[in-house]
Structure formats: C-alpha cells, structure tokens
K.L.:
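To start, I am sharing the structure in question, which I have written as structure tokens.
Just so you know, these numbers use all the heavy atoms, side chains as well, and skip hydrogens, waters and symmetry mates. All values derive from a computational prediction rather than experimental measurement. Every chain is numbered from 1, with letters handed out A, B, ... down the list of sequences.
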Amino acid sequence: MPELPEVEILARHLRPLLHGRTIRAVEVFRPKVLAPTPVPRFQAVLRGATFLDLTRRGKYLLFTLRARGSRAPFSLLGHLGMTGRMFLTPKGRPLPKHAAVVLDLGRNRFVYEDPRYFGRLTLDVRPVARLGPEPMAEAFTSELLAGALKRSRQAIKVKLLDQSLVAGIGNIYASESLFRAGLSPRRPANRLSRVQVEKLWQAIREVLTIAIECGSTIPLNFEAHPSDKLFYYGSAAGAADFYTERLGIYDRAGQPCGSCGTPIKRIVQAARSTFFCPHCQKS
DNA sequence: CACCATGTTCCTTG
DNA sequence: CCAAGGAACATGGT
C-alpha cells in the first residue's frame, strides 16, 4: 500500500494512536525486516521506550521514541515495501499470517505485517539521507526539478521513480502525474521544455494532494475490515466508487481515456508497467 | 503453469 | 565515473 499519499494517511492515522504509548515487549518474527539492526539490539532499544511522534519522509515512516528515563529521543524507521501494513489491534486477536514485528503496547499491539517482506522496521535511518526533497515542500521548486531533469537522458517516467530526485512518487503516481501533465512517459528527461517541466511539477503536486485528500476522508479501520488495502483498489466498506474512480490512468489498459476516449496503453519501462493515453500524452 | 503486483538495492554492462 | 537494465528479495492474486 505504499506511495507518498498512502504513507501520509497512515502516519496521520497512527500518530495519535501511538503518542505516549510505551512498548512492553518486542516480538520479531522476521529478522530480515530489521536489517542491519540485530534482533537483540532492536529488542533492547525498543523495550520500555515510549512513542513521542510519527512523521513521514518520502515513503518512509519516522517514529520518534524515548527510552525510559532518558531525554534523548531516537528514531525508528519504517517502510511498507509493496505489501506492508501497520496497525493496532487488541491483544488476544490472532496475528496475521505474515506478521513480521509485533510491539506489545499493553491493551493493544502494534503489528507490522508484510506478506512479501520487502519493507523495513529498523533502527538504521541512513536511507532517509539519500532522499531528494519532499514534493510538497517549498524547497521543491520547478526550477529545481528542471535543473535535475536537464542532467538525465532517462525516460521521464523512469526518472520520476528516482527517490533522490524527489521523494515519494511510485509507479502509480508517476503514471498519474504524467497523464495529468499531458506528457509522454517515454520522453527523455532532458528534452522536456521549461513549460512542460512547469506542468509536470504542478501535476505532481496536484495528484499527490488530491490522493491525500481522498484518503483522508476514509476511516482506516483494519480491525473492522481486515482485508482493506488502505485506499488503493476497490475494497473498503462504503467508499468503493470513490476509490476506484480516484486513479485516472493507472491499471486501466484498454479502457477509454477519461479525457478523449482513446484506449489507454500499457508499456514496460525499466521492468515496470507504465500506463498512458497515446492521444493526450504525445509530447 | 504463466504472468502480474504500490519498492529498493545490488550487480553487470556499456 | 555515470547511465541503464536486469535480477533478487518473497508471496499472493488472477
């Protein structure tokens, strides 16, 4: 479930639930997701620690905690990979099949589950230092984007997935942004005109903003709806249409473009699907 | 069985 | 040195 909007929604959801909660015990079912932090160190550091805050950076979750009797806070870094979920559940409830880490919070447990185990929950925060600017931050200007794109011949769609360029865009919102900007996903990054970069810059911010707004209207309740996939596809009681109509281009190969009716095409770039309208996205 | 899947990192090749 | 492509990671859905 993870690109910037989904991670942002999750952070907003979990922040108040975790604030002030103290970890009583730490169960690690998949040591791989902690790497390179060793299991004993992970447990020793987290046991007795209290959650102070939770923020998002790109697709990462940054938990701030404080050890018992200490003033200095420390960070825990989370990433959902392709299929990760994090949620609170009352103690006694059966754990999901692919629970990777479970934190005992007293009445509740914090569960990180991930069927593919591509995600992370670790004390190693170094990956954050490699991220480019937040797309919604003032630091991310269209001038900055133009400067970065000028230096690459890579197809613009592929370039948008580069987290060191701008953090948080994934395979879905890369296609959505280019569709909104009316740009061909195949165009080399350094061949976008200044006007096209400006359009793309705006489209990225609009697409992400709309996705966050959309997700914010939906109550996250994994307890009542254990099969919820946050707000990607269908699912979720009571708001199915809302969800499925959210994305204009992604996963719609063969369907008519909402703007011109031309059938949407799927191509493969850098071993990943790209969806676009061959009529609206010629340039 | 085949192919596809919201991500990142590492390795190879040019 | 850099860019680009592909594999690997691991499981589930169609």
K.L.:
Treat a base pair as Watson-Crick or G-U wobble with both distances under 3.5 Å, then lay out DNA chain B in dot-bracket form, 5' to 3', with | for cross-strand pairs.
P.N.:
.||||.||||||||
K.L.:
What's the NZ-C1' distance between A:K59 and B:dT9, to the nearest Å?
P.N.:
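From A:K59 NZ to B:dT9 C1': 13 Å.
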K.L.:
So does A:D104 pair up with A:K91, basic N to acidic O under 4.0 Å?
P.N.:
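Here A:D104 pairs with A:K91 in a salt bridge, since their nearest N and O are under 4.0 Å apart.
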K.L.:
Strictly under 4.0 angstrom, non-hydrogen atoms only: write out the protein contact profile of nucleotides 6-12 of chain C, one letter per nucleotide from the 5' end, B, S or -.
P.N.:
---BBBS
K.L.:
Do the non-hydrogen side-chain atoms of A:T262 and A:P256 ever get within less than 4.5 Å of each other?
P.N.:
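No. Closest side-chain heavy atoms not under 4.5 Å.
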K.L.:
Centre of A:F51's six-membered ring, under 6.0 Å away, within 45 degrees of the axis: is that where NZ or CZ of A:R21 sits?
P.N.:
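Because its charged atom misses either the 6.0 Å distance or the 45° angle limit, A:R21 does not stack over A:F51.
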K.L.:
Tell me whether A:K59 is salt-bridged to A:E3, with the criterion being a basic N under 4.0 Å from an acidic carboxylate O.
P.N.:
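Result for this pair is no, no salt bridge flagged.
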K.L.:
From the list B:dT9, B:dG7, B:dT8, which nucleotide is the closest neighbour of the side chain of A:P2?
P.N.:
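The listed nucleotide nearest to A:P2's side chain is B:dG7.
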K.L.:
May I ask you to test the A:M86-A:L121 pair for a side-chain heavy-atom distance under 4.5 Å?
P.N.:
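Touching, per the 4.5 Å side-chain cut-off.
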K.L.:
Without hydrogens or angle criteria, can the side chains of A:E198 and A:Q202 be said to hold a donor-acceptor pair below 3.5 Å?
P.N.:
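There is no such pair (donor and acceptor under 3.5 Å, judged by atom type) between the side chains of A:E198 and A:Q202.
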K.L.:
Between B:dC3 and C:dG6, how far is it from one P atom to the other, in whole Å?
P.N.:
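My reading of the P atoms in B:dC3 and C:dG6 gives 16 Å.
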K.L.:
Rounded to the nearest Å, what distance is computed from the CG atom of residue A:L77 to the P atom of nucleotide B:dG7?
P.N.:
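Taking CG of A:L77 and P of B:dG7, I get 16 Å after rounding.
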K.L.:
Can A:S283 and A:S184 be counted as having a side-chain donor-acceptor contact under 3.5 angstrom?
P.N.:
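Absent: no donor and acceptor within the cut-off.
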K.L.:
To the side chain of A:R153, which of B:dC4, C:dA4, B:dT8 is closest?
P.N.:
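Minimum distance to the A:R153 side chain belongs to C:dA4.
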K.L.:
May I ask you to say what A:R120 touches in the nucleic acid, namely base, sugar-phosphate or nothing, with a heavy-atom cut-off under 4.0 Å?
P.N.:
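Answer is nothing: A:R120 stays at 4.0 Å or more from every strand.
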K.L.:
How many Å lie between CZ on A:F275 and C1' on B:dC4, as a whole number?
P.N.:
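Rounding to the nearest Å, CZ of A:F275 and C1' of B:dC4 are 10 Å apart.
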K.L.:
Counting only side-chain heavy atoms from C-beta out, which of B:dA5, B:dT9, B:dT8 sits nearest to A:Y250?
P.N.:
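Nearest to the side-chain atoms of A:Y250, counting from C-beta on, is B:dA5.
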K.L.:
For C:dG12 versus B:dT9, give the span between their C1' atoms, rounded off to a whole number of Å.
P.N.:
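C:dG12 and B:dT9 have their C1' atoms separated by 23 Å.
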K.L.:
Taking atom CZ of A:R12 as the centre, does the number of heavy atoms from other residues, nucleotides or ligands within less than 6.0 Å exceed 12?
P.N.:
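More than 12 within 6.0 Å, yes.
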K.L.:
Could you tell me whether A:R85 and A:D114 have a side-chain N and a carboxylate O separated by less than 4.0 Å?
P.N.:
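Here A:R85 does not pair with A:D114 in a salt bridge, since their nearest N and O are not under 4.0 Å apart.
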K.L.:
Taking CG from A:D251 and C1' from B:dC3, how many angstroms apart are they, rounded to a whole number?
P.N.:
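So the two atoms are 14 Å apart, to the nearest Å.
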K.L.:
Can a side chain N or O of A:Q154 be found less than 4.0 Å away from OP1 or OP2 on C:dA3?
P.N.:
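No, because none of the side-chain N or O atoms of A:Q154 sits under 4.0 Å from OP1 or OP2 of C:dA3.
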K.L.:
When you measure from the side chain of A:Y60, which nucleotide among C:dA4, B:dG7, B:dT9 comes out closest?
P.N.:
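It is B:dT9.
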K.L.:
Send over the distance from A:L4 CG to B:dG7 P, rounded to a whole Å.
P.N.:
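In whole Å, B:dG7 P lies 11 Å from A:L4 CG.
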K.L.:
State which of B:dT9, B:dG7, B:dC4 makes the closest approach to the side chain of A:S273.
P.N.:
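Side chain of A:S273 sits closest to B:dC4.
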K.L.:
Within this structure, what is the CZ-to-P distance between A:R151 and C:dA3, rounded to whole angstrom?
P.N.:
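It works out to 9 Å between those atoms.
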K.L.:
A:R272 has an atom CZ; how far is it from atom P of B:dT9, in whole Å?
P.N.:
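It is 13 Å, rounded to the nearest whole Å.
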K.L.:
Given 3.5 Å as the limit, does a donor-acceptor pair link the side chain of A:E8 with the main chain of A:R56, or not?
P.N.:
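Flag not set: sc A:E8 to bb A:R56 has no pair under 3.5 Å.
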K.L.:
Taking CD1 from A:I267 and P from C:dG5, how many angstroms apart are they, rounded to a whole number?
P.N.:
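Answer to the nearest Å: 12 Å.
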